[in-house]
Asker: 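Below you will find the structure I want to go over with you.
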Amino acid sequence: MPFPHASEALSRLTVLDLTRVRSGPTCVRQLADWGANVIKIDALTEDAGGEQPGGPRRGSDFQNLHRNKRAMTLNLKDDRGLAVFKRLTAKADVVVENFRPDVKRKLGIDYESLAAINPRIVYGSISGFGQDGPYHKRPGFDQIAQGIGGLMSITGAPGGGPMRVGIPVADLTAGLFCAMGILTALLEREVSGKGQWVQTSLLQAQIFMLDFQAARWLMEREVAKQAGNNHPTSIPTGVFKTSDGYINIATTGGRIWERCAQAIGAPELFGHPDYATASARSKNRDALNAEIERCTVTKSTETWVRELNEAGVPCGPIYAIDQMFEDAQVKHLGIAQDVPNDEDRHIRLVGQPVTLSRTPSKMVVRPPEFGEQTDEVLKEFGFGSDEIAKLRDAKVV
């Protein structure tokens with residue numbers, strides 16, 4: 001039975017997935033969810049019983065990262081296993097890895113070695129700090145990248161000390177940027193006929209995600225500081241108490257600020273000299289926030305969300321994750337999706353946040369068990385039954 005593809009968009013492409021933990025699997029998940037034939041290479045040294053880097057194989061984290069893929073086992077430290085991988089590479093389109101830079105060279109699976117076999121191969125690499133340079137041999141972790149990349153210095157309440165973001169943002173964005181680079185290289189290959197090496201790192205991704213905060217320093221020599229729930233430049237924007245919880249309110253200019261003052265029943269705030277201009281509101285933000293909160297605590301979150309939206313003031317509730325998935329708009333978008341499986345297991349995950357009108361992405365296959373499709377994949381790549389049996393006997397697969 002042919003392997004089902006999550007989409008037709010990338011179904012012509014074959015991807016060899018050497019990644020582990022989070023940044024690399026995030027990259028490959030993008031390719032798998034858009035229909036690529038992804039083959040996850042399970043190392044024979046992994047725990048076949050379930051424990052993986054990042055948690056048990058049937059745990060939520062692993063299931064989320066590895067849906068829509070197949071898996072085979074392979075011992076890359078054995079010369080025969082390396083020979084198998086090179087045969088796979090000869091027919092593949094993409095290889096993705098997130099080893100430390102020196103590891104892949106020791107294994108003989110670096111870009112130069114594989115490009116000599118298949119000049120069309122697109123090779124994606126994610127590292128902690130880059131493929132060379134003074135830090136390139138350091139182990140890279142998300143929180144380390146958040147710190148050295150400047151994010152923790154601007155996250156959290158003023159004076160509260162550095163604070164990490166609540167998601168592994170460096171890992172996730174490095175994976176997404178690597179996937180974007182791979183797709184760009186594949187598009188270019190249609191013109192040149194040649195593959196290339198795509199590189200990114202947690203550090204580069206994190207710095208890129210500073211966006212306007214980085215630009216404020218590079219262009220204006222202004223070092224951003226912690227602003228808590230306040231927006232650093234658009235004021236008033238932040239979190240305000242209501243009678244039964246909290247609400248986000250965001251203003252991005254004088255007209256919206258005027259509508260906000262009217263809607264909360266305090267039109268005098270708009271004309272007050274301390275709050276009349278953007279610079280004045282920035283200087284007096286704490287006093288202004290207190291004035292606004294004196295109004296917002298008089299009504300419920302639900303009431304304010306309705307009234308402020310009707311007035312054209314951007315606002316919204318602040319949900320816990322369980323509440324978010326119960327929201328009417330979230331349900332309408334259908335981003336939480338069931339993953340079909342023969343075991344009738346409950347697997348419900350977040351799908352792709354992008355919709356294509358002709359070739360949408362969908363959940364089609366549960367994450368593979370350890371080396372589940374080894375024989376199936378090898379046969380597709382031209383290995384005979386006797387060859388496969390010998391490889392198993394030698395513990396190469």
Side-chain angles (χ1 to χ4, degrees), residues 142-143 146-147 149-170 172-173 206 209-217 222-266 269-270 272 274-309 311-325 327 329-330:
D142 177 85
Q143 187 158 336
Q146 286 194 35
L151 181 62
M152 291 174 67
S153 74
I154 59 172
T155 304
M163 180 68 66
R164 69 179 292 276
V165 175
I167 59 169
V169 62
L172 296 174
T173 53
Q206 183 57 81
M209 291 301 291
L210 290 178
D211 198 62
F212 76 95
Q213 298 284 42
R216 288 171 70 186
W217 163 250
E222 182 179 347
V223 178
K225 294 180 172 58
Q226 291 169 308
N229 288 319
N230 293 314
H231 191 280
T233 57
S234 296
I235 299 155
T237 294
V239 174
F240 300 90
K241 286 183 181 179
T242 64
S243 64
D244 62 352
Y246 294 88
I247 188 174
N248 272 319
I249 300 175
T251 66
T252 56
R255 184 70 186 96
I256 294 179
W257 164 226
E258 182 180 11
R259 292 201 296 261
C260 178
Q262 294 282 352
I264 64 174
L269 293 178
F270 177 72
H272 195 292
D274 285 350
Y275 315 131
T277 65
S279 59
R281 292 193 296 276
S282 180
K283 180 180 179 181
N284 301 297
R285 70 165 70 207
D286 291 339
L288 177 56
N289 286 347
E291 292 282 2
I292 293 171
E293 193 160 274
R294 273 194 277 273
C295 299
T296 59
V297 293
T298 63
K299 298 180 183 179
S300 69
T301 296
E302 182 179 3
T303 300
W304 281 124
V305 168
R306 182 182 69 253
E307 291 184 1
L308 288 170
N309 274 295
V313 179
C315 69
I318 300 171
Y319 288 144
I321 291 175
D322 57 340
Q323 295 172 309
M324 176 271 292
F325 279 114
D327 182 86
Q329 184 65 26
V330 175

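Just so it is clear, the values below take in all heavy atoms, side chains as well, and ignore hydrogens, waters and symmetry mates. Numbers for residues simply follow the sequence, beginning at 1.
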Asker: Taking only distance into account, with no hydrogens and no angle test, what donor-acceptor pairs under 3.5 Å do side-chain atoms of residues 155-167 form with protein atoms, sequence neighbours excluded?
Answerer:
residue, atom, partner, partner atom, Å
Thr155, OG1, Leu151, O, 2.8
Arg164, NE, Gln143, OE1, 3.1

Asker: Flag the pair Gln206 / Val169 as yes when at least one side-chain heavy-atom distance between them is below 4.5 Å, and no otherwise.
Answerer: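 Yes. Closest side-chain heavy atoms under 4.5 Å.
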
Asker: Looking only at non-hydrogen atoms, find the nearest pair between Cys315 and Asn309 and report the distance.
Answerer: SG-ND2, 3.3 Å

Asker: What's the shortest heavy-atom distance between Pro232 and Phe212, and which atoms?
Answerer: CG-CZ, 3.7 Å

Asker: Looking at CG of Asp286 and CG of Asn230, how far apart are the two atoms once the value is rounded to the nearest 0.5 Å?
Answerer: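 CG of Asn230 is found 7.0 Å from CG of Asp286.
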
Asker: If you count every heavy atom of other residues, nucleotides or ligands that lies below 6.0 Å from Met209 atom CE, does the total exceed 12?
Answerer: no

Asker: When you compare the side chain of Leu288 with that of Trp257, does any pair of heavy atoms fall below 4.5 Å?
Answerer: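 Contact flag for Trp257/Leu288 side chains = yes.
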
Asker: So, the side chain of Thr242 versus the backbone of Thr296: is there a donor-acceptor pair under 3.5 Å, distance only?
Answerer: no

Asker: Quick test of your reading: applying salt bridge (charged side-chain N to carboxylate O under 4.0 Å, His left out), list the pairs with at least one residue in residues 224-235, sequence neighbours left out, ordered by first then second residue.
Answerer: none

Asker: Not counting sequence neighbours, list each pair that qualifies as a salt bridge (charged side-chain N to carboxylate O under 4.0 Å, His left out) and has a residue in residues 256-266.
Answerer: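 Those involving residues 256-266 are Arg255-Glu258.
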
Asker: Pair Ile247, Val239 - check side-chain contact (heavy atoms from CB on, under 4.5 Å), show working.
Answerer: CA-CA 6 Å; Ile247 188 174; Val239 174; over 6 Å; no

Asker: Decide side-chain contact (heavy atoms from CB on, under 4.5 Å) for Asn229 and Tyr246; before the verdict, give the C-alpha distance in whole Å, the side-chain angles of both, and the deciding distance to 0.1 Å.
Answerer: CA-CA 12 Å; Asn229 288 319; Tyr246 294 88; over 6 Å; no

Asker: If you round to the nearest 0.5 Å, how far is CZ of Arg281 from CG of Leu269?
Answerer: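 Leu269 CG to Arg281 CZ: 11.0 Å, rounded to 0.5 Å.
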
Asker: So, using ring pair (Phe, Tyr, Trp, His ring centres under 6.0 Å) as the criterion, who are the partners of Phe240 when residues are at least two apart?
Answerer: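 Not a single residue meets the ring pair (Phe, Tyr, Trp, His ring centres under 6.0 Å) criterion with Phe240.
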
Asker: Any idea which heavy atoms bring Val313 and Ala250 closest together, and the distance?
Answerer: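 That closest heavy-atom pairing would be CG1-O, 4.5 Å.
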
Asker: In Å, rounded to the nearest 0.5 Å, how long is the span from CG of Leu308 to CG of Asn248?
Answerer: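 The distance works out to 11.5 Å.
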
Asker: Any donor and acceptor pair, going by atom type alone, linking the side chain of Ser234 with main-chain N or O of His231 inside 3.5 Å?
Answerer: no

Asker: Donor-acceptor pair, Ser243 side chain versus Ser300 backbone, under 3.5 Å?
Answerer: yes

Asker: For a quick test of reading the model, state the closest non-hydrogen atom pair linking Ala263 to Trp304 and the distance between them.
Answerer: O-CZ3, 3.7 Å

Asker: Closest approach of Glu293 and Lys241, non-hydrogen atoms and distance?
Answerer: OE1-N, 2.9 Å

Asker: In chain order, what residues pass the side chain to side chain donor-acceptor pair (under 3.5 Å) check against Glu291, with sequence neighbours excluded?
Answerer: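 Counting only residues at least two positions away or on another chain, Glu291 forms a side chain to side chain donor-acceptor pair (under 3.5 Å) with Arg294.
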
Asker: What is the minimum heavy-atom distance between Thr301 and Pro317, and which atoms define it?
Answerer: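 Residues Thr301 and Pro317, closest heavy atoms: CG2-CB, 4.0 Å.
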
Asker: Does Asn284 use its side chain to pair, donor to acceptor, with the backbone of Tyr275 at less than 3.5 Å?
Answerer: no

Asker: Taking the side chain as everything from C-beta on, heavy atoms only, tell me whether Ile154 gets closer than 4.5 Å to Leu210.
Answerer: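 A side-chain contact under 4.5 Å exists here.
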
Asker: Could you tell me which residues satisfy side-chain contact (heavy atoms from CB on, under 4.5 Å) with Arg306, sequence neighbours excluded, listed by chain and number?
Answerer: Thr303, Glu310

Asker: Under a 3.5 Å threshold, yes or no: a donor from one side chain and an acceptor from the other, between Gln323 and Asp327?
Answerer: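 No donor-acceptor contact under 3.5 Å links the two side chains.
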
Asker: Without swapping roles, check the side chain of Asp274 against the backbone of Ala280 for a donor-acceptor pair under 3.5 Å.
Answerer: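 Judged by distance alone, no pair lies under 3.5 Å.
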
Asker: Has the side chain of Asp142 got a donor or acceptor atom that lies under 3.5 Å from a matching backbone atom of Ala170?
Answerer: yes

Asker: Taking C-beta and beyond as the side chain, do Ile249 and Pro236 meet within less than 4.5 Å on heavy atoms?
Answerer: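 SC-SC contact between Ile249 and Pro236 ruled out.
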
